[in-house]
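One structure is given here, and the rest of the page talks about it.
The chains referred to below are lettered A, B, ... by the order of the sequence lines, with proteins before strands, and numbering in each begins at 1. As the structure is a computational prediction, the values presented were derived from the model and not from experiment. Because only heavy atoms are used, hydrogens play no part in the values below, and waters and symmetry mates are left out as well, while side chains stay in.
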Amino acid sequence: MLDIQLLRSNLDAVAAGLARRGKPVDLDAFRALEAERKAVQTRTQDLQARRNALSKQIGIHKAKGQEAEAQAALAEVGTLGEALKAAEAELDRLLEKFHAVLAALPNLPQDSVPDGADERANVELKRWGEPRRFDFTPRDHADLGEALGQIDFAAAAKISGARFSLLKGGIARLHRALAQFMLDTHVNEHGYTEIYAPYLVNAASLFGTGQLPKFEEDLFKVPRGEQEPLYLIPTAEVPVTNLVRDEILDAAVLPLKFVCHTPCFRSEAGSGGRDVRGMIRQHQFDKVELVQIVHPEASPAAHEELTRHAEAILEKLELPYRRVALCAGDMGFAAARTFDLEVWLPAQNVYREISSCSNFEAFQARRMQARFRNAKGKNELAHTLNGSGLAVGRTLVAVLENYQNADGSVTVPAALRPWMGGLEEISAA
RNA sequence: GGAGAGGUGGCAGAGUGGUCGAAUGUACCUGACUCGAAAUCAGGCGUAGGUGCAAGCCUACCGUGGGUUCGAAUCCCACCCUCUCCGCCA
């Protein structure tokens with residue numbers, strides 16, 4: 001959520017930032033709504049103040065036994081009733097509308113974010129690693145896995161439906177090893193605290209990180225009869241970042257650094273026809289997520305640091321990748337700046353997103369009321385960041401495709417072998 | 001699933017219709033005392049919004065949302081959460 005004071009004091013700057021994201025703001029409509037809000041709020045508060053004063057007088061008169069004065073005040077307050085009720089109702093309506101508008105506005109891009117409307121305008125910042133030269137035609141992970149008898153899309157479709165996968169044997173173990181390797185690396189080498197978190201969360205948590213109210217159709221919703229529904233998490237970002245919702249932290253505990261491995265559930269509404277083959281786009285996938293809660297001054301450096309932590313995983317696995325700065329039009333709703341990491345997939349001959357590292361500044365913190373006590377003793381919104389470190393399913397895809405051999409077996413990356421019981425190669429059982 | 005208790009300021013904890021945004025304690029800040037500190041004493045100390053050059057004034061907030069009333073922390077309804085006992089359970 002954007003700072004309401006910023007909108008009131010510098011609406012043109014806000015509109016300019018949102019326009020970069022392709023979200024033009026109707027300035028006249030906003031100003032009209034704000035003017036109306038101000039007028040109605042002032043009128044309402046005047047009426048409330050009058051009522052409160054009279055009610056107080058009634059109490060005093062009754063306490064003193066001044067029945068006549070009490071009756072006079074009672075009569076006067078009665079004349080306020082209708083106008084007050086109408087004013088309060090009108091104010092409620094306006095504030096609700098105001099908050100709905102505010103909650104639907106995305107974050108402002110940082111100045112360094114490149115202009116552009118979609119991913120074609122993203123800017124490559126660096127490349128790491130040399131894509132391997134194959135002396136045979138590399139197969140994609142779906143072919144490889146099915147040939148090895150260790151990825152079974154048909155079984156997953158029977159059990160659940162489209163966009164699920166079932167892993168067996170060596171590849172299932174590889175999947176588990178990747179998650180463990182990532183967790184251990186971030187805990188032991190990067191200073192993160194491991195978190196195990198709920199996979200079902202309430203609506204308030206999803207509002208806090210920005211998935212609600214705008215993106216409900218992307219989520220799996222679990223109804224519970226009379227009780228409030230819960231939602232399957234689309235990313236560990238939601239439970240982990242909401243750890244600090246409605247908290248006032250001691251500044252000394254910052255930065256908080258959490259790492260959490262969870263399955264992620266996405267309905268992929270509106271993705272019809274895209275990436276239908278293989279494990280690239282699934283309703284369920286595992287991800288190891290990095291989350292940092294930091295002092296506002298520290299967030300740009302933390303963003304670089306967190307991105308490097310994600311890159312370290314790719315480098316240890318010796319998977320070629322590039323870092324891309326998302327342009328203003330391609331960034332997620334809550335992000336002020338985002339780096340995507342894209343891994344090389346030889347079968348498709350493309351770099352493919354495997355991690356997204358974002359600085360949300362105070363946008364999520366304001367929605368969550370996540371604050372810390374600053375040096376002056378005042379409560380101040382923290383900055384939040386997160387990034388995939390990494391998406392486990394897509395890392396599995398990258399390992400299979402980059403480490404495949406001519407005979408259809410897959411070499412286990414050296415860095416991963418300690419988590420594979422020393423196994424060096426995955427081949428048909 | 002059944003029965004019961006409870007949610008008040010950073011924390012603890014009073015308050016059951018009327019000068020209550022809320023006693024008291026504690027933590028914290030400022031000042032006095034001190035060479036300094038502790039102890040003691042005095043004052044300050046919630047959040048959000050409106051208005052004003054400012055001091056200030058005003059409004060809302062006692063888990064959340066409704067309702068009753070001239071007036072609600074206090075009464076009524078629903079929901080959320082916590083705890084205790086019983087049952088079931090990985």
Side-chain angles (χ1 to χ4, degrees), chain A residues 1-9 30-31 33-103 196 198-208 212-213 221-231 239 242-254 362 365-382:
Chain A
M1 202 145 64
L2 298 177
D3 183 0
I4 184 63
Q5 302 298 351
L6 185 64
L7 265 84
R8 286 177 180 145
S9 63
F30 184 87
R31 287 202 175 93
L33 182 61
E34 167 66 1
E36 195 183 359
R37 188 214 103 244
K38 194 177 270 194
V40 172
Q41 184 161 345
T42 305
R43 190 168 79 238
T44 304
Q45 292 186 350
D46 284 347
L47 287 166
Q48 285 170 331
R50 185 73 193 134
R51 179 207 57 201
N52 289 349
L54 286 166
S55 291
K56 196 175 252 186
Q57 282 304 312
I58 292 169
I60 293 169
H61 288 316
K62 289 209 167 176
K64 291 181 180 169
Q66 300 165 330
E67 217 23 66
E69 286 87 341
Q71 286 304 319
L74 208 51
E76 187 179 349
V77 84
T79 65
L80 298 176
E82 284 302 304
L84 181 57
K85 252 192 185 112
E88 283 177 338
E90 177 70 358
L91 183 61
D92 280 351
R93 192 186 65 79
L94 284 170
L95 288 179
E96 198 175 314
K97 190 169 166 186
F98 202 84
H99 288 137
V101 169
L102 197 62
Y196 170 80
Y199 302 159
L200 287 162
V201 295
N202 58 31
S205 294
L206 287 157
F207 179 85
L212 288 180
K221 186 176 185 174
V222 181
R224 291 194 297 165
E226 296 302 302
Q227 290 184 288
E228 290 186 346
L230 292 174
Y231 298 82
N242 274 278
L243 208 46
V244 295
R245 171 154 57 89
D246 293 321
E247 297 292 334
I248 299 172
L249 304 164
D250 186 334
V253 307
L254 301 178
R366 189 172 292 107
R367 294 169 86 93
M368 291 190 298
Q369 285 302 294
R371 295 166 292 177
F372 68 97
R373 226 175 270 288
N374 67 19
K376 291 176 184 163
K378 296 294 283 182
N379 298 334
E380 186 175 341
L381 294 169

| So, is R8(A) near the phosphate of rG50(B), with a side-chain N or O under 4.0 Å from OP1 or OP2? | yes
| note | Rounded to whole Å, the CG-P distance (D46(A) to rG52(B)) equals 12 Å
| field | Base paired to rU69(B) (Watson-Crick or G-U; both N/O distances under 3.5 angstrom) | value | none
| When you check the phosphate oxygens OP1 and OP2 of rU51(B), does a side-chain N or O of R43(A) lie under 4.0 Å from one of them? | no
| note | Taking rG49(B), rC58(B), rG10(B) as options, the one with an atom nearest any side-chain atom of A49(A) is rC58(B)
| field | E69(A) versus Q57(A), side-chain donor and acceptor atoms under 3.5 Å | value | no
| request: Check every atom of rU19(B), rC80(B), rU59(B) against the side chain of Q48(A) and return the nucleotide holding the closest atom. | output: rU59(B)
| Check: rG49(B) base within 3.5 Å donor-acceptor of Q45(A) side chain | yes
| said: Nearest to the side chain of V77(A), heavy atoms from C-beta on, is which of rG50(B), rC70(B), rU19(B)? | reply: rC70(B)
| field | Nucleotide nearest R371(A) when distance is taken to its side chain, options rU19(B), rC70(B), rU47(B) | value | rU47(B)
| field | Spacing between R50(A) atom CZ and rG71(B) atom P, to the nearest angstrom | value | 15 Å
| task | Determine: side-chain N/O of Q5(A) to OP1/OP2 of rG49(B), distance under 4.0 Å, yes or no. | result | yes
| request: Answer with base, sugar-phosphate or nothing: what part of the nucleic acid does L54(A) contact at a heavy-atom distance below 4.0 Å? | output: nothing
| query | With sugar-phosphate meaning primed atoms plus P, OP1 and OP2, does R37(A) contact a base, only sugar-phosphate, or nothing at under 4.0 Å between heavy atoms? | reply | sugar-phosphate
| message | Check this for me: does any side-chain nitrogen of one of E90(A) and R93(A) sit under 4.0 Å from a carboxylate oxygen of the other? | response | yes
| request: Please say whether more than 12 non-hydrogen atoms of neighbouring residues, nucleotides or ligands are located less than 6.0 Å from CD in Q5(A). | output: yes
| task | Could you tell me whether N52(A) contacts a base, only the sugar-phosphate backbone, or nothing, with contacts defined as non-hydrogen atoms closer than 4.0 Å? | result | sugar-phosphate
| said: Without decimals, in angstroms, what is the distance between E69(A) CD and rC70(B) P? | reply: 20 Å
| task | Side chain of S55(A) only, please: which of rG50(B), rC70(B), rG49(B) is the nearest? | result | rC70(B)
| request: Let me know the distance between CD1 of I60(A) and C1' of rG71(B), rounded to the nearest Å. | output: 12 Å
| query | Between R31(A) and E34(A), is the closest basic N to carboxylate O distance under 4.0 Å? | reply | no
| task | Would you kindly give the NZ-to-P distance between K62(A) and rC70(B), to the nearest whole Å? | result | 10 Å
| task | Write down the partner of rU19(B) under the Watson-Crick or G-U wobble criteria, each distance required to be under 3.5 Å. | result | none
| said: Pairing donors with acceptors under 3.5 angstrom, does anything connect the side chains of N52(A) and S55(A)? | reply: no
| message | Checking base pairs now: Watson-Crick or wobble, both atom distances under 3.5 Å. What partners rC57(B)? | response | rG50(B)
| query | Reckon K38(A) has a side-chain N or O less than 4.0 Å from the OP1 or OP2 of rU51(B)? | reply | yes
| task | Rounded to the nearest angstrom, tell me the gap between atom CG in D250(A) and atom C1' in rG10(B). | result | 11 Å
| Please give, in whole Å, the distance from rG50(B) P to L95(A) CG? | 10 Å
